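In what follows, a structure is listed as structure tokens, so that the remarks can point back to it.
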Amino acid sequence: MSESGGMKIIELVFFDAGGGHRSAANALCEVARREQRPWDMQMMNLQELLDDMDIFRKITGLRLQDVYNLMLRRGWTLGSKELLVPMHAIIRLFHSQQVRGLSKYWRGKAAGEKPDMVVSVVPNFNRALFQATQRALPGVPFVTILTDMADYPPHFWLERQGPHYVICGTEHAREQAIALGHAPERVFLVSGMILNPRYYEIPPVDRIREREALGLDPNLPTAIMMFGGAGSAKMVDIARRLNASALDLQIIAICGKNQKLEATLRGLGGRVRIHVEGFTNEVPRFMQLADFFIGKPGPGSISEAVAMGLPVIVETNAWTLPQERFNAVWVMQQGVGISLRDFSRGIVDATRRMLDPIQRAMFADRVAQMKNRAVFEIPEILDGILKSHQ
């Protein structure tokens, strides 16, 4: 056992390119705390550790994670697939420096502060993280948890290296890991993406009363529209197209921190009722008031909607982030919703399908069959790995 109060030290590597990596790490920490596991869960922000060699910061004045988040806020995602090639070339150029920096960081820890396990919830840097762990922490297991539904090879989540452990939330990702040469006994499949534990303990709401409190019709089919923490101008176009249609529905629009979007949606008016919400921590409650989800095919957004019993309408095309393109395929494979090539051309017809009672019931039945317990399954897997290295 480690000297840290008789606790095993697990170091979780994350960064803030998008919100999903930190959220996944926080969720695992919360479950470990609730289950009273004898673990000291420590968070390591990889961006901060590698700041000195961030070539993107040297060229643009912005950190790599800030460049990524700016792209999301501005909708500059067209060509993101092609941008991965030079980004990975730069990461490879500085690979040796990354390994040296990470090795120095772990070697610099006192004996009782060194981790007993290193767990990565970030893409792109797992080769450097694994090699540094091998160099500075011999015998310490390294685990990669994919927070996407699939890898986007080469050099995104998975690398041809070993022996280390991989935890996947879909069968497709598991097959990718094994095909790349990872030992099947070190590749673990869980039942979905990591969700915050609060998604499993939400008290029921009075939908009629809650909808009325928002100024909505208590009995009208309701869509919840969400495009991540930065929102999207697509929400305005979708609202206008649904408003111009003859469809009988209403919308809850979650705009995140995009105040301009929030103001625009509030000023739309028209036939379709829209409740507009800015940044909120009550997304699960708003999802309980909805009948289906409209949004981008992010792994977190889709997983949260399905966990709350909502069929989904998503879009995938050249503007979709490459690591999220499989998510739309997954939606269709599982029968939990509709994937469009273009919201502008297809949202009215897709919504019409969702409003049809028979079709919505079919989607809802498939959604109800999805039982995602990944956030509780992963600590059990980590515990087994720790015990195998004692």
Side-chain angles (χ1 to χ4, degrees), residues 75 205-280 282-297 301-302 304-305 308-317 319 328 331 336-364 367:
V205 299
D206 185 333
R207 278 164 57 106
I208 292 177
R209 187 167 62 97
E210 294 275 356
R211 283 182 176 181
E212 287 177 339
L214 299 180
L216 300 175
D217 185 323
N219 300 308
L220 202 60
T222 305
I224 184 166
M225 186 163 55
M226 265 179 47
F227 281 74
S232 170
K234 291 182 180 181
M235 295 171 68
V236 177
D237 182 62
I238 290 170
R240 285 174 173 157
R241 290 178 184 277
L242 293 178
N243 191 56
S245 74
L247 299 178
D248 205 12
L249 81 157
Q250 56 197 358
I251 301 169
I252 298 171
I254 310 293
C255 301
K257 297 179 180 179
N258 192 328
Q259 295 180 348
K260 181 179 178 182
L261 171 65
E262 183 180 349
T264 301
L265 285 171
R266 289 188 190 280
L268 278 185
R271 180 185 61 83
V272 173
R273 297 188 192 186
I274 303 179
H275 172 76
V276 181
E277 194 76 21
F279 178 79
T280 177
E282 297 187 345
V283 170
R285 181 174 72 87
F286 287 113
M287 284 187 168
Q288 283 181 290
L289 305 181
D291 298 295
F292 60 97
F293 169 90
I294 300 172
K296 70 172 191 144
S301 299
I302 292 173
E304 289 168 3
M308 298 304 298
L310 303 181
V312 303
I313 302 175
V314 297
E315 175 192 65
T316 179
N317 51 41
W319 278 265
V331 165
V336 297
I338 301 167
S339 174
L340 302 173
R341 292 294 296 171
D342 186 343
F343 274 129
S344 297
R345 296 181 181 179
I347 189 59
V348 173
D349 285 340
T351 303
R352 183 178 292 110
R353 290 178 61 189
M354 282 293 176
L355 295 180
D356 178 86
I358 295 175
Q359 292 201 53
R360 189 164 76 245
M362 291 174 59
F363 287 128
V367 168

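It should be emphasised that the depicted structure is a prediction, and the values quoted were computed from it without experimental measurement.
Judged purely by atom type and a 3.5 angstrom limit, R341 uses its side chain to pair as donor or acceptor with the backbone of T316. The closest donor-acceptor contact from the side chain of R271 to the backbone of S245 lies under 3.5 Å.
Nearest heavy-atom pair, L261 versus G231, reported as atom, atom and distance to 0.1 Å: CD2-CA, 3.9 Å. Taking both residues in full, the closest heavy atoms of S344 and D237 are given as OG-OD2, 2.9 Å, listed atom of the first, atom of the second, then distance. Scanning both residues, M287 and E304, for their nearest heavy atoms gives SD-O, 3.8 Å. Summarising the geometry of D356 relative to Q359, their closest heavy-atom pair is OD2-N, 2.9 Å, with the distance given to 0.1 Å. Pairing each heavy atom of I294 with each of A223, the nearest pair is CD1-CB, 3.9 Å. A328 approaches S339 most closely through the heavy-atom pair CB-OG, 3.3 Å.
Two residues are said to be in side-chain contact when any heavy atoms from C-beta on lie closer than 4.5 Å; L268 and N243 fail this criterion. Residues L265 and V236 form a side-chain contact, since some pair of their non-hydrogen atoms from C-beta on lies under 4.5 Å apart. For the pair V367 and F293, the minimum side-chain heavy-atom distance is 4.5 Å or more. For the pair I252 and L216, the minimum side-chain heavy-atom distance is below 4.5 Å. No side-chain heavy atom of I338 sits under 4.5 Å from any side-chain heavy atom of F292. Side-chain contact between H275 and F286 is present, with heavy atoms from C-beta onward closer than 4.5 Å. Counting only heavy atoms from C-beta outward, the side chains of M235 and I251 never approach each other to under 4.5 Å. Counting heavy atoms from C-beta on, the side chains of E210 and R285 come closer than 4.5 Å.
Note that CD of E277 and CD of E282 are 7.5 Å apart. Values are rounded to the nearest 0.5 Å. Atom CE of M225 sits about 7.5 Å away from atom CG of L242, to the nearest 0.5 Å. From M308, atom CE reaches atom CD of Q288 across 4.0 Å, with rounding to the nearest 0.5 Å. In this structure, the separation between CG on L289 and CD1 on I208 is 11.5 Å, given to the nearest 0.5 Å. Atoms CZ and CZ, from R345 and R241 in turn, are 9.5 Å apart once rounded to the nearest 0.5 Å. The CD atom of E315 sits 7.5 Å away from the CD1 atom of I238 when rounded to the nearest 0.5 Å.
Screening residues 214-223 for side chain to side chain donor-acceptor pair (under 3.5 Å), with sequence neighbours left out, gives R211-T222, T222-Q250. Sorted by first and then second residue, the pairs that involve residues 242-262 and meet salt bridge (charged side-chain N to carboxylate O under 4.0 Å, His left out), not counting sequence neighbours, are E262-R266.
For E212, the side chain to side chain donor-acceptor pair (under 3.5 Å) criterion is met by no residue, not counting sequence neighbours. Checked against side chain to side chain donor-acceptor pair (under 3.5 Å), R352 has the following partners two or more places apart in sequence or in another chain: D349. In this view, F363 satisfies the ring pair (Phe, Tyr, Trp, His ring centres under 6.0 Å) rule with no residue, not counting sequence neighbours. R273 is linked by a side chain to side chain donor-acceptor pair (under 3.5 Å) to nothing, counting only residues two or more places apart in sequence or in another chain.
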